[in-house]
Structure formats: C-alpha cells, structure tokens
There are 2 protein chains.
Amino acid sequence: MNSIADPIEFARALSDRTRQEIMKLCCCEWRSVGELADELDVTQPTVSHHLAFLRDANLVHIRPEGRKTFYALNQDAVASCCGVLMLNYAPDVKEPT
Amino acid sequence: MNSIADPIEFARALSDRTRQEIMKLCCCEWRSVGELADELDVTQPTVSHHLAFLRDANLVHIRPEGRKTFYALNQDAVASCCGVLMLNYAPDVKEPT
DNA sequence: TAAATATATAGACGAGCATCTATGAATAGC
DNA sequence: GCTATTCATAGATGCTCGTCTATATATTTA
C-alpha cells in the first residue's frame, strides 16, 4: 500500500528545520494548516508548501473537513524509512541502540 | 564521546545521492578517497567535499595512512540518529517495523 | 448570491549547495 | 632533494530550495 521508502527523498523531507517542526506538531494529533502556521513563525503559504512536500513523500495523512484541511504525521512511513536506513547504514549494530 | 545526534544535520547529510552512495561504499570497510572517486563518477575534490560534510556530522571514521586517507562509516552514529528520529516521529509504532 | 474564511498555487527573490577546475600541502620512493 | 602520488582547499558557476507576496479555489454562512 505504501510507496517504497526512498531513503533520499525521506532524508530530504527531514533536512529542513521547518518541516521537522511541522512533523513534530502533527506527530500525534491532527492539525489544520492555520494552526501550524500560527505556531511556526512562517506564513500560511510556506506551511502549505512544506505540507505538499511531506504529502508527496507519503509522510503525512490528510483529512479535508469543510474549509479546513487536517494533517497528521504518517508514523508508519517514518518507521519504515528508518528501518531502511538502519539496514543500509547500520547493519552491524546490535539492538538496542 | 559522540556529539549529540542532531536530526536535522543527520538528515541533511543523507539528503544527497552522492553522499548516500559514499556511505554505502564505506559502510562495512575502509575506503580511500581515490577508491571512492573511482567508483562514483564524480571528481576527487567532490568526494573530499562530501567526506568533509560527513566528517563534520560525525558520520565517518577517519584513518590516515601514508599518502592515503581511509574512511569508514560510523554505524553507531547512524543507529543513534535513527533512534532519535524514531522517538520523535514514530513514538506510537510498535516493533518490529 | 455575496461575503468571509481556509487552503493551495504561481511567481519572484535570495541563500545555500553540488560540482567542477586549479592549486596547495603532505607523504613515499628514487 | 626531486618527483610522483594522494588528498584537501579555494574559487567559480549553475541549479535547487525556502520564503515571501499576490492571487486563485473551495467552502461556509448570512
């Protein structure tokens, strides 16, 4: 169901501070675009731009509701991508980290 | 001993294809700069540039030996950073992934 | 239908970055 | 000591990207 985890696209999604802050804000609850913009000292179009990036990378869930659109982090995708990174770049490390 | 894992610097290090290829090549064995440049269709200065980036991010081990300098991936740092990402962005995911 | 609200999109601008060529610095071998 | 080899650094260039303002699109409400 999920697209195949691409380690480079995943890393690019995480390589910006604003995007990581967005991810943190919508990690465990649904957030509207306006809420995110309010808490993130950037404009609403900037937030929309980053959300589009995260959406293309399959890193957020989307739920339109009336005029608002709610986003929530796709934790499973994050876990999957981290798993790929571990397999690629930490194959000899024994759990736990 | 290790510097604190910064998720943004870690992601930026992984956000370039050439750097990920370098990481893969020196993941499990020591590689000289020249070896990496030969296998990576980029010039030697470009490889040195990326290795400097990875070194600043504490993602590679270094071993000068005569005229050559060997690099090996710091798998522990990768695992540590992935652990931070999992804690931040996949706190509700149950193992195994 | 008109107005207000919420989000997405388009275009512009400046900073950062990946790459190259040229060159400097360090080491090994003759 | 001189030459060849290996790597790092400096500077230039073109492209990508993060952010903004302005505007379009969609939805709710009066």
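In what follows, chains carry the letters A, B, and so on, assigned in the order in which the sequence lines appear, proteins first and then strands, with residues in each chain numbered from 1. Bear in mind that the values here come from a model prediction, so they are computed numbers and not experimental data.
- Atom CZ of Arg63(B) sits in a crowded spot, with more than 12 heavy atoms from other residues, nucleotides or ligands closer than 6.0 Å.
- Put simply, Tyr71(B) has no side-chain N or O that comes within less than 4.0 Å of OP1 or OP2 on dT6(D).
- When the side-chain nitrogen and oxygen atoms of Arg12(A) are compared with OP1 and OP2 of dT16(D), none of them lie within a distance under 4.0 Å.
- One interatomic measurement links the two molecules: CD1 of Ile22(B) to P of dA8(D), which rounds to 11 Å at whole-angstrom precision.
- Figure legend: cation-pi geometry between Arg31(A) and Tyr71(A) absent, as NZ or CZ is not positioned both under 6.0 Å from the six-membered ring centre and within 45° of its axis.
- The separation between Leu54(A) atom CG and dA8(C) atom P is 12 Å, rounded to whole Å.
- In this structure, the CD atom of Glu65(B) is 14 Å from the C1' atom of dC7(D), given to the nearest Å.
- In terms of phosphate contacts, Arg55(B) brings no side-chain nitrogen or oxygen within less than 4.0 Å of OP1 or OP2 of dA8(D).
- When rounded to the nearest whole Å, the span between CD of Glu21(A) and P of dT19(D) equals 9 Å.
- Per the geometry, CZ belonging to Arg67(A) stands 11 Å off C1' belonging to dA3(C), to the nearest Å.
- With Gln44(A) contributing its side chain and Ala37(A) its backbone, the two residues share no donor-acceptor pair below 3.5 Å.
- Atom CD in Glu9(B) sits about 15 Å away from atom C1' in dG16(C), given to the nearest Å.
- Take the nearest nucleotide of DNA chain D for Asp16(A) and for Leu51(B): the residue whose nucleotide is more 5' is Leu51(B).
- Of the residues in residues 31-49 of chain B, Ser32(B), Val33(B), Gly34(B), Gln44(B), Pro45(B), Ser48(B) come within less than 4.0 Å of DNA chain D through at least one heavy atom, sorted by number.
- Counting any heavy atom pair closer than 4.0 Å across all strands shown, Arg17(A) reaches no nucleic acid atom.
- For the salt bridge (Lys or Arg N to Asp or Glu O under 4.0 Å) test, no residue two or more places apart in sequence or in another chain qualifies with Arg67(B).
- Summarising the geometry of Asn88(B) relative to Pro7(B), their closest heavy-atom pair is ND2-CG, 4.1 Å, with the distance given to 0.1 Å.
- In this entry the distance linking CZ of Phe53(A) with C1' of dT16(D) reads 11 Å, nearest Å.
- Remark: side-chain polar atoms of Ser48(A) are not paired, donor with acceptor, to backbone N or O of Pro45(A) under 3.5 angstrom.
- Out of dA6(C), dG18(D), dT19(C), the shortest distance to the side chain of His50(B) is found at dT19(C).
- When atom types are taken as modelled, the side chain of Arg55(A) and the backbone of His61(A) share no donor-acceptor pair closer than 3.5 angstrom.
- Per the geometry, CD1 belonging to Ile62(B) stands 19 Å off P belonging to dT6(D), to the nearest Å.
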